[in-house]
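See structure below.
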Amino acid sequence: MPVGIDELLERVREGYDRIEAQEAYEAARLGEALLVDIRYAALRERDGLVPGALVVERNELEWRLDPHGSHRAPEATSHDLRVVVICNEGYASSLAADSLHRLGLHRATDLVGGFQAWRAAGLPVGS
């Protein structure tokens, strides 16, 4: 039976604990999480970057974060890696985190409110 996007988001978000901006910042600062920015280039250029975040276009995410994949990023070291996916407002990142869970990245999550919440919290933004 088909579902709407709101119901789909609700379902996938039940599968993991989402993370707030300050907690994501602290986890990355302490080396406990990899922040992954999936926003497209125009948004990164317009709004800035999350310092230290791995930038991976959404259409490449699974290939770059699969620890066993031939196209993996050097940061994709294991299925135990805590990944925090960041999109612009926290919607696409939920679907992306669900996809990473399906790849076995069981600690993947996403940032509530996305980059906009990061910036609103006064956290560092680079250019």
Side-chain angles (χ1 to χ4, degrees):
M1 182 170 183
V3 299
I5 188 62
D6 293 331
E7 185 177 342
L8 179 61
L9 279 171
E10 188 177 312
R11 286 182 187 181
V12 300
R13 288 173 175 168
E14 289 174 355
Y16 63 92
D17 292 323
R18 301 180 77 209
I19 190 170
E20 298 287 339
Q22 188 64 45
E23 184 181 354
Y25 171 75
E26 289 299 324
R29 188 180 66 77
L30 295 171
E32 298 173 354
L34 174 64
L35 304 180
V36 179
D37 189 341
I38 64 168
R39 293 175 300 143
Y40 53 89
L43 288 177
R44 294 191 311 269
E45 290 169 11
R46 182 190 77 189
D47 294 338
L49 302 170
V50 174
L54 176 64
V55 174
V56 178
E57 295 283 339
R58 174 62 190 97
N59 64 324
E60 298 178 359
L61 183 68
E62 292 81 0
W63 284 267
R64 304 291 288 150
L65 290 183
D66 177 1
H68 298 264
S70 59
H71 300 298
R72 76 173 183 82
E75 296 86 349
T77 55
S78 97
H79 286 95
D80 292 327
L81 182 65
R82 185 177 185 198
V83 174
V84 179
V85 183
I86 303 169
C87 69
N88 193 49
E89 294 181 341
Y91 297 101
S93 57
S94 294
L95 299 175
D98 180 62
S99 182
L100 294 177
H101 275 256
R102 293 171 190 249
L103 276 178
L105 292 154
H106 61 96
R107 297 180 68 207
T109 187
D110 76 309
L111 182 63
V112 175
F115 178 83
Q116 298 307 320
W118 178 277
R119 184 170 58 187
L123 295 170
V125 174
S127 53

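Numbers here simply count residues along the sequence, with the first being 1.
- A 4.5 Å side-chain heavy-atom check between Leu95 and Val12 finds at least one atom pair inside the cut-off.
- Every residue two or more places apart in sequence or in another chain was checked for a salt bridge (charged side-chain N to carboxylate O under 4.0 Å, His left out) with Glu10, and none qualifies.
- Within the 4.5 Å cutoff, the side chain of Val36 has no heavy atoms near those of the Leu100 side chain.
- Contacts of Glu75 classified as salt bridge (charged side-chain N to carboxylate O under 4.0 Å, His left out), with partners at least two apart in sequence or in another chain: none.
- Between Asp80 and His106, some side-chain heavy-atom pair lies under the 4.5 Å cut-off.
- Between the Arg18 side chain and the Gly90 main chain, a donor and an acceptor come within less than 3.5 Å of each other.
- Side-chain atoms of Pro67 and Leu103, non-hydrogen and from C-beta on, never get closer than 4.5 Å to each other.
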**Request:** Show your reasoning for whether salt bridge (charged side-chain N to carboxylate O under 4.0 Å, His left out) applies to Glu57 and Arg44.
**Result:** CA-CA 11 Å; Glu57 295 283 339; Arg44 294 191 311 269; 3.3 Å; yes
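- For the residue pair Ile19 and Arg82, the shortest heavy atom distance occurs at CD1-NH2, 3.2 Å.
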Distance-only donor-acceptor pairs under 3.5 Å for side chains of residues 118-126, two or more places apart:
{"unit_1": "Trp118", "atom_1": "NE1", "unit_2": "Pro124", "atom_2": "O", "d": "2.7"}
{"unit_1": "Arg119", "atom_1": "NH2", "unit_2": "Gln116", "atom_2": "OE1", "d": "2.5"}

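- Here ring-ring contact (aromatic ring centres under 6.0 Å, His included) pairs that include residues 32-70, with residues two or more places apart or in two chains, are His68-His79.
- A heavy-atom distance below 4.5 Å is not found between the side chains of Leu54 and Val83.
- In this structure, Tyr16 places its OH atom where more than 12 heavy-atom neighbours from other residues, nucleotides or ligands lie under 6.0 Å away.
- Under the rule for a salt bridge (charged side-chain N to carboxylate O under 4.0 Å, His left out), Arg13 has no partner lying at least two apart in sequence or in another chain.
- Here Arg72 does not pair with Asp66 in a salt bridge; the nearest charged N to carboxylate O distance is not below 4.0 Å.
- Residues passing the salt bridge (charged side-chain N to carboxylate O under 4.0 Å, His left out) test with Glu14, sequence neighbours excluded: none.
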